[in-house]
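In what follows, a single structure is set out as structure tokens and then discussed.
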Amino acid sequence: MAERTTTGAKLEVDTSYDNDTTYGDQLSSYSASLTSSVLDYRYENGRRYHKFRDGSYLLPNDDTENERLDMVHEMFLELLHKKLYLAPIKKPQRVIDLGTGTGIWAVDFADQHRDAEVIGCDLSPTQTTMVPPNVKFLVDDITSDWTYESNPFDFIHARFLAVAIKDFGKLLKQCYRSVKPGGWVEFQDWDGYPTSEDGSHNGTAIKRYYDEVYGAFEKAGYEVRPGPKLEQWFKDAGFVNISVKKLAIPYGVWPKDPHLKKVGAWAQAASEANGFEGFALAALTRYKQWTKEEVLALANQARDDGRNRNIHMFFNFYVVYGQRPEK
Ligand SMILES: C[S@@+](CC[C@H](N)C(=O)[O-])C[C@H]1O[C@@H](n2cnc3c(N)ncnc32)[C@H](O)[C@@H]1O
């Protein structure tokens, strides 16, 4: 069922290096009680982390991270040709975005579907405050037992939960129980480990960076390559009419294809916005006992490799949706 939608079997490299200068009022409402443990933060190695369910997510939630997430959102929009989702939903009334981050997807979705009630749920209360009236944000742990079965959703969406969730199979089963018969669930996620068709990323610092960092996430028990496993988890949960789209996300501006070049430029911009550091710090210091200085040194090497257009690295990314049977 998987289909790769890139320029073809090969990802073609752009060999013209020079002319590429283009790349180089409503307050949100929180349904969880805003106790100090929800609003409190943990500060570590110069970055800020969530405090509610302290330690269960290893990426920061500070302004730097939020700017990175908004860039990643632009990258995903470019990747999907401005589409927020691919599931064939019609007039959804009740929608939830799991692990909503800055809430940017939920806000865009609510703007496009003014009749829908949209909930964005996250461990961190860091969402934007300027939102359309049909969005609300909820501070909650999506790995805890849900209470939505009596008031299910038409559409459940989750994007980029790699390195956040340990048991995707359980999460998909929760989704199945909490979506209406005939309703849709869509997950968009990575195969976190990068690859290259010509092997040019082998032996580089950027490959070592991902090996080390994902090794730490795996040691901590997180799923780092959910993308290729999503189809099976959807089947196991009971979904039907499952669709799988496999896409390539290049790192950097090396592809010849203008669309992929733009996607790659966003990927690079997001990672250079302190993304290499933020992604690695807690995982490597908490789970592999690296020092902050060791992490920053590898992050800088990875960033430099990322600028090397002879390294033709990309990630596989999966958009998978399925329907709960009508009966
Ligand atoms: C990589 S970010 C992706 C954000 C957003 N989905 C997007 O695509 O822009 C992962 C988000 O999941 C949230 N998260 C991680 N574990 C969670 C949990 N157990 N419950 C709720 N949210 C969680 C994090 O706080 C973070 O905002």
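Note that ligands are numbered from 1 as they come in the structure, with each ligand's atoms numbered from 1 the same way. Bear in mind the structure is a predicted one, so any value in this text is a computation, not a measurement.
- Judged by a 6.0 Å distance limit and a 45° cone about the ring axis, Arg159 is not positioned over the six-membered ring of Phe109.
- In the vicinity of Thr143, heavy-atom distances shorter than 4.0 Å reach the ligand 1 atoms 19 (N).
- Cation-pi geometry between Arg303 and Phe276 is not met at under 6.0 angstrom from the ring centre and within 45 degrees of the axis.
- Screening Trp184, Trp233, Tyr321, Phe234 for a ring-ring contact (aromatic ring centres under 6.0 Å, His included) involving Phe239 leaves a single residue, Phe234.
- Below 4.0 Å from some heavy atom of Leu161 lie the following atoms of ligand 1, by number and element: 12 (O).
- The option from Glu65, Gln188, Arg159, Met71 that lies nearest to atom 9 (O) of ligand 1, judged by heavy atoms, is Arg159.
- Counting heavy atoms from C-beta outward, Arg42 and Asp54 have side chains that approach closer than 4.5 Å.
- Judged by a 6.0 Å distance limit and a 45° cone about the ring axis, Lys166 is positioned over the six-membered ring of Tyr222.
- A side-chain N or O of Ser144 and one of Arg53 form a donor-acceptor pair less than 3.5 Å apart.
- Contacts between Phe160 and ligand 1 below 4.0 angstrom, taking non-hydrogen atoms only, involve backbone and side chain alike.
- Protein heavy atom at the shortest distance from atom 2 (S) of ligand 1 is Tyr57 OH, 3.5 Å.
- Atom 20 (N) of ligand 1 has its closest protein heavy atom at Ile142 N, 2.9 Å.
- In this structure, Asp140 counts as a contact residue of ligand 1, since one of its heavy atoms falls inside 4.0 Å of the ligand.
- The part of Thr100 lying near ligand 1 is the backbone, judged by heavy-atom distances below 4.0 Å.
- Closest protein heavy atom to atom 16 (N) of ligand 1: Leu123 CD1, 3.6 Å.
- The aromatic rings of Trp254 and Phe314 sit tilted, their planes meeting at an angle between 30° and 60°.
- By the neighbour-count criterion of 12 heavy atoms within 6.0 Å, atom NZ of Lys82 is densely surrounded, having more than that number from other residues, nucleotides or ligands.
- Annotation: atom 25 (O) of ligand 1 to nearest protein heavy atom, Asp122 OD1, 2.6 Å.
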(Q) Between Gln112 and Asp108, is the side-chain hydrogen bond (donor to acceptor under 3.5 Å, both in side chains) condition met? List the steps. (A) CA-CA 6 Å; Gln112 288 178 15; Asp108 282 2; over 6 Å; no
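- Ligand 1 lies within reach of Asp141, whose nearest heavy atom is under 4.0 Å from it.
- Neither the backbone nor the side chain of Asp97 comes within contact range of ligand 1; no heavy atom lies under 4.0 Å.
- Against a heavy-atom cut-off of under 4.0 Å, Gly101 is close to the following atoms of ligand 1: 4 (C), 27 (O).
- Atom 4 (C) of ligand 1 has its closest protein heavy atom at Gly99 O, 3.3 Å.
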